[in-house]
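One structure is given here, and the rest of the page talks about it.
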There are 2 protein chains.
Amino acid sequence: MARKPLTNPRKEASQARSRATVDALVEATARILVRDGFDKASTNRIADMAGVSIGSLYQYYPSKEALVAAVIDRHNRQIMRRVRTVLTEIASLPIESAVRRAVAVAIEAHRIDPRLHRVLAEQIPRVGQLQNVEALNREGYALFRGYLESRRGELRVTDLGLAAFVCATSIEALAHTAVLYHTEMLLDAEALIEEATRFILGYLQPPPG
Amino acid sequence: MARKPLTNPRKEASQARSRATVDALVEATARILVRDGFDKASTNRIADMAGVSIGSLYQYYPSKEALVAAVIDRHNRQIMRRVRTVLTEIASLPIESAVRRAVAVAIEAHRIDPRLHRVLAEQIPRVGQLQNVEALNREGYALFRGYLESRRGELRVTDLGLAAFVCATSIEALAHTAVLYHTEMLLDAEALIEEATRFILGYLQPPPG
DNA sequence: GTGGAAGACGAGCTATCGCTCGTATCCTAT
DNA sequence: ATAGGATACGAGCGATAGCTCGTCTTCCAC
């Protein structure tokens with residue numbers, strides 16, 4: 001396997017001026033990733049677009065990968081803030097509305113910055129941040145599993161771990177695919193949400209009657 | 001968006017000797033992709049591993065991307081041959097066994113060469129082959145949709161297009177995730193297949209009774 | 001058996017990459 | 001006011017990338 005470059009920031013920025021520099025670098029990285037893709041995102045170009053000298057760039061980030069990792073981090077934080085909130089709120093809801101909310105937030109999360117999300121989804125493996133993203137997936141999975149456990153009596157599934165995996169993976173994939181590759185479906189997002197909800201419920205809930 | 005390099009082969013190999021050269025190049029590309037990743041797969045290195053001079057490489061492929069595209073192509077062909085066969089066979093099967101077979105073949109297909117599949121899944125967007133892969137997905141989707149239509153009377157879903165999208169996307173995602181990131185699940189692949197089958201059937205079939 | 005097309009070769013060009021380091025400027029504690 | 005740490009600068013180094021082109025070798029139709 002390939003050797004991993006360091007992806008941690010080099011030092012904290014302590015003065016306001018330098019914090020602005022760091023922000024500009026991360027922002028410029030995100031913009032270049034979206035506009036030109038990972039390959040054309042050279043450190044020189046990033047520094048340029050940030051209006052910062054290449055020397056300053058290397059004061060804060062040891063490599064291009066570290067910069068991309070910072071972008072990923074920022075994006076993930078945005079997503080998880082939203083997902084965590086909603087998946088915590090659903091605890092008190094009945095199954096049907098809980099699942100509907102979960103599906104909706106998955107779509108919402110993917111729509112936060114779809115173009116960036118797409119580039120990142122493609123580039124994350126190369127930056128060696130896969131574990132971190134796996135950790136996020138696992139958190140979503142764990143939150144959902146927690147909910148299932150609290151409602152175990154109302155479910156027809158027995159292996160809640162497996163069920164949570166199946167649900168979380170599918171919901172994520174549906175949201176991901178729809179947002180990134182089938183935007184026309186979002187014109188009637190409600191219909192998609194309803195269908196996905198029926199999908200999940202048909203699996204989780206015992207047949208009526 | 002980034003400028004696209006040409007990805008078409010440069011010329012056909014007509015003599016046996018040159019066909020061997022082309023094969024060696026594609027094979028070497030695949031091996032280096034798996035072993036070292038896309039970034040370290042330089043044309044010089046590929047030519048080296050193939051035991052072919054760099055000049056010969058450029059006689060047949062105009063760029064590194066073209067070589068990777070050839071690898072993708074070969075791999076996709078392997079996968080689709082299998083998937084097409086099975087999805088055609090299921091036409092005569094009742095829903096339950098048809099879905100089970102479909103799930104099984106999705107997993108099977110991802111297991112053909114998982115390490116290569118993983119690298120390719122990550123790198124395909126950069127090679128601009130996304131449409132081609134989308135075409136494959138659409139073929140899988142269309143085949144499955146055809147089956148659903150032939151059984152429409154036995155289903156509870158109404159929008160078969162949407163249903164096929166939901167099923168195909170989920171099955172693919174479950175197979176993909178399990179094979180690439182949760183190999184421990186494959187120790188009991190039967191259990192996974194059964195669960196996924198229940199999952200899909202709960203959505204497609206009307207409640208019993 | 002020979003001429004010309006097909007194939008193979010690899011030194012080396014240009015471009016760009018990631019990155020360092022010596023120097024200049026700014027900020028703040030005293 | 002000023003010392004000295006924090007911050008910013010950017011010319012330019014070494015490495016490596018993709019790729020060309022002039023030359024040599026092999027194959028095959030006649």
Side-chain angles (χ1 to χ4, degrees), chain A residues 2-29 32-33 36-71 123 126-128, chain B residues 2-29 32-33 36-71 123 126-128:
Chain A
R3 182 144 308 291
K4 305 178 189 176
L6 296 174
T7 54
N8 290 336
R10 204 159 231 174
K11 66 174 175 188
E12 284 306 274
S14 71
Q15 301 178 1
R17 180 168 55 132
S18 54
R19 248 171 283 129
T21 301
V22 169
D23 282 356
L25 285 171
V26 176
E27 184 56 32
T29 305
I32 292 192
L33 280 178
D36 306 319
F38 186 87
D39 290 331
K40 308 224 165 165
S42 73
T43 50
N44 282 307
R45 213 194 288 270
I46 291 171
D48 223 41
M49 157 141 298
V52 159
S53 87
I54 182 65
S56 297
L57 185 154
Y58 279 96
Q59 294 232 337
Y60 299 102
Y61 294 97
S63 70
K64 168 178 162 176
E65 277 76 13
L67 235 5
V68 176
V71 173
Q123 304 303 342
R126 307 174 62 211
V127 182
Chain B
R3 185 141 305 293
K4 307 177 187 178
L6 296 174
T7 53
N8 290 337
R10 202 158 232 176
K11 67 175 178 190
E12 287 300 278
S14 70
Q15 301 179 4
R17 181 170 51 136
S18 56
R19 249 172 283 129
T21 301
V22 169
D23 282 357
L25 285 170
V26 176
E27 182 58 31
T29 304
I32 291 191
L33 279 179
D36 305 319
F38 186 86
D39 291 330
K40 309 226 164 164
S42 75
T43 49
N44 282 306
R45 214 195 287 271
I46 291 171
D48 223 43
M49 158 141 298
V52 159
S53 86
I54 183 66
S56 298
L57 184 154
Y58 279 96
Q59 295 231 338
Y60 300 103
Y61 294 98
S63 70
K64 169 178 162 178
E65 278 75 14
L67 236 4
V68 176
V71 173
Q123 304 303 341
R126 304 174 65 208
V127 181

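Protein chains get the first letters and strands the later ones, always in sequence-line order, with residue 1 at the start of each.
- Among the atoms of the strands shown, base atoms are found under 4.0 Å from some heavy atom of S56(B).
- When the nearest nucleotides of DNA chain D are assigned to I54(B) and R17(B) by heavy-atom distance, the more 5′-ward of the two goes with I54(B).
- Taking atom CG of D48(A) as the reference point, atom P of dC17(C) lies 11 Å away to the nearest angstrom.
- Residue T43(B) places at least one side-chain N or O under 4.0 Å from the OP1 or OP2 atom of dG18(D).
- Note: CG (N44(A)) to P (dC9(D)) measures 14 Å, nearest angstrom.
- With S63(B) contributing its side chain and A66(B) its backbone, the two residues share a donor-acceptor pair below 3.5 Å.
- Taking each heavy atom of R45(A) and D36(A) in turn, the nearest pair found is CD-OD2, 4.3 Å.
- Contact check for Y61(B) versus V26(B): side-chain heavy atoms found under the 4.5 Å cut-off.
- A residue-by-residue look at D39(B) and V52(A) shows that V52(A) has its nearest nucleotide of DNA chain D further toward the 5' end.
- Between the CZ atom of F38(B) and the C1' atom of dA17(D) there is a distance of 12 Å, given to the nearest Å.
- At the phosphate of dG7(C), OP1 or OP2 sits under 4.0 Å from a side-chain N or O atom of S18(B).
- Rounded to an integer number of Å, the gap from CG of D36(B) to C1' of dT16(D) is 15 Å.
- The nearest whole Å value for the distance from the CD atom in Q59(A) to the C1' atom in dG10(D) is 13 Å.
- At whole-Å resolution of the value, CG in L57(B) and P in dA6(C) are 20 Å apart.
- You'll find that the side chain of S63(A) is closest to dC19(C), out of dA17(D), dC19(C), dG18(D).
- Across F38(B) and E65(B), no two heavy atoms sit closer than the pair CZ-OE2, 4.3 Å.
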Are Y60(A) and L67(A) close enough, and set up right, to give a side chain to side chain contact (heavy atoms under 4.5 Å, CB included), and what steps lead you there? CA-CA 9 Å; Y60(A) 299 102; L67(A) 235 5; over 6 Å; no

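- For the pair R19(B) and dG7(C), the criterion of a side-chain N or O lying under 4.0 Å from OP1 or OP2 is not met.
- The shortest distance between the side-chain N/O atoms of T21(B) and the OP1/OP2 oxygens of dA8(C) is below 4.0 Å.
- Going from atom OH of Y58(B) over to atom C1' of dT23(D) covers 20 Å, rounded to whole Å.
- What separates CG of L25(A) from P of dT7(D) is a distance of 13 Å, to the nearest Å.
- Residue-level contact check: Y61(B) touches neither bases nor backbone, having no heavy atom under 4.0 Å from any strand.
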